[in-house]
Amino acid sequence: MAPVPLSPIKVGHIDDVQELRKAKPTSIPQRFVRDMAERPTLATVALSSSNDIPVIDFSRLLEANKDEFLVEISKIAASCEEWGFFQVINHGIELDLLESMEKVAMNFFNLPLEEKQKYPMAPGTVQGYGQAFVFSEDQKLDWCNMFALGVEPHYIRNPKLWPKEPVEFSETLEVYSREIRKLCQNLLRFIAMSIGLNGDTFEDMFGAAVQAIRMNYYPPCPRPDLVLGLSPHSDGSALTILQQGKGSSAGLQILKNNAWVPVQPIPNALVINIGDTIEVLTNGRYKSVEHRAVTHKERDRLSLVTFYAPSYEIELAPLPELVNENNPCKYRRYSHGEYSKHYVTNKLQGKKTLEFAKIQTKDSS
Ligand SMILES: COC(=O)C(/C=C/C1=C(C)CCCC1(C)C)=C/O[C@H]1C=C(C)C(=O)O1
Ligand SMILES: O=C(O)CCC(=O)C(=O)O
Ligand SMILES: [Fe+2]
């Protein structure tokens, strides 16, 4: 039998939201208008400090006495179990470096469209400038411009997509990524300890860990009530580190008890979240939590998001220490390469991507 030709992905015309915004429209194209149930105005919890995601003081994990260290470790455990998210203050990364990364990313987004389009994200791929996770002409679009690059190991890089302008971009990204990588490694150590595992468990297992960056730019939107900045999803990584642009308005929201909780930006803090990989390895004790981004009528927003994950050949399954009679194994064995492929070939839709790894039980089917 002749091989069936693979049908090319037809995504139709994707408007660049910064260009749309320049035209100062009063209405927005239908492709951005969400169905009622998805619109951001519904079921958002009222602002109150009890609804804020936990804050971890990193300096207490590196420099403090044993009691302070243990308090912070137990805060990590509670954050990962109850929220899947926390913010880190005193993380040790130079604030100048965070600012420089923000500046080069913003300078990139502010280039003329023709310049940015020299680094296109081809349909069905995830690196370059454009909108990822769009697979059909009738799929709703996010009010976001995205620029994503693979960083480590080097073989995942596509050097043609690393921009020549701004000239400082590549060097800044290299230095930034090295610092963020160290933070990921330290955090994974503390996360392992917080669940009673040896501190080296994840790093020993991950091999030459994969690291990628996604820069999301959300211009102001004339109808923030109708659109989403970024569709609801959980991250496919082990850990995600998110830096919000200085002076950013709240935009990130996480789903907790069926309501969307806004994450209040803390100046100079980094937002950390558990990805699907840690959910699987901990047999669901630490959950990857669904999140999304919303837009603002007058203010723009930038987020710089680093994904840190095991090397592609690494086989993943719940750690035997976390599986027992009371906590039967919930996820099957697969390689991170298989999961990455599955993740990047499906649209973002809440936690649906993780179904790939779930063992179907009578209750879940
Ligand atoms: C737009 O990209 C993403 O949202 C994304 C992709 C990351 C990647 C690259 C930009 C280059 C190649 C590697 C990789 C797939 C990690 C999200 O990353 C999540 C999804 C998975 C899976 C993961 O490990 O991180
Ligand atoms: O911009 C944000 O706050 C959310 C970004 C995000 O969730 C992502 O890039 O995976
Ligand atoms: Fe995310």
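Scope of the values below: all heavy atoms of this structure, side chains included, with no hydrogens, waters or symmetry mates. Start at 1 and go down the list; that is how both ligands and their atoms are numbered.
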Atom indices of ligand 1, in the order listed, that fall short of 4.0 Å to a heavy atom of [X]:
| X | value |
| --- | --- |
| A132 | 1 (C) |
| H336 | 24 (O) |
| G150 | 11 (C) |

Contact check, Q211 vs ligand 1, heavy-atom distance below 4.0 Å = no

Discussion item. Would F133 count as a contact residue for ligand 1, given that I'm defining contact as a non-hydrogen atom of the residue lying under 4.0 Å from a ligand atom?
Written reply: yes

Are any side-chain N or O atoms of [X] and backbone N or O atoms of [Y], one a donor and one an acceptor, separated by less than 3.5 Å?
| X | Y | result |
| --- | --- | --- |
| H291 | S234 | no |
| K116 | Y129 | no |
| Q253 | W260 | no |
| Q139 | F133 | yes |
| N65 | D67 | yes |

Distance filter under 4.0 Å, heavy atoms only, around ligand 2 gives R214, N216, Y218, L230, H233, D235, L242, L252, H291, R301, S303, V305, F307

Supply the atom-to-atom distance [X] [atom1] to [Y] [atom2], rounded to the nearest 0.5 angstrom.
| X | Y | atom1 | atom2 | value |
| --- | --- | --- | --- | --- |
| R178 | I93 | CZ | CD1 | 12.5 Å |
| H233 | K351 | NE2 | NZ | 12.0 Å |
| L188 | D204 | CG | CG | 11.5 Å |

Looking only at non-hydrogen atoms, the one of Y343, Y312, Y339 nearest atom 14 (C) of ligand 1 is Y312

Judged by heavy atoms only, the candidate from V126, V344, T125 nearest atom 2 (O) of ligand 1 is V126

Have [X] and [Y] got a donor and an acceptor in their side chains that come within less than 3.5 Å?
| X | Y | value |
| --- | --- | --- |
| Y176 | T306 | no |
| T353 | N346 | no |
| N158 | Q127 | no |
| S237 | D235 | no |
| N327 | N324 | yes |

Going by the 4.0 angstrom heavy-atom rule, the piece of S237 near ligand 1 is both

Short version for A309: what comes under 4.0 Å of ligand 1, heavy atoms counted, is side chain

Identify, for [atom], the protein heavy atom at the shortest distance, and state residue, atom and that distance.
| atom | result |
| --- | --- |
| atom 5 (C) of ligand 1 | F307 CE1, 3.8 Å |
| atom 4 (O) of ligand 1 | R214 NH1, 2.0 Å |
| atom 8 (C) of ligand 1 | A212 CB, 3.6 Å |

With a 4.5 Å cut-off on side-chain heavy-atom distances among I, L, V, M, F, W and Y, is there a chain of contacts connecting L62 to V71? no

inquiry  = Taking the six-membered ring for Trp, are F58 and H91 closer than 6.0 Å centroid to centroid?
reply    = no

Report task. Applying salt bridge (Lys or Arg N to Asp or Glu O under 4.0 Å), run through R34 and D225 and close with a yes or a no. Result -> CA-CA 9 Å; R34 296 284 169 157; D225 53 327; over 6 Å; no

Distance filter < 2.8 Å from the Fe ion (ligand 3), protein N/O/S hits 3

Using distance alone, decide if ligand 1 has a nitrogen or oxygen within less than 3.5 Å of any nitrogen or oxygen in Q127.
-> no

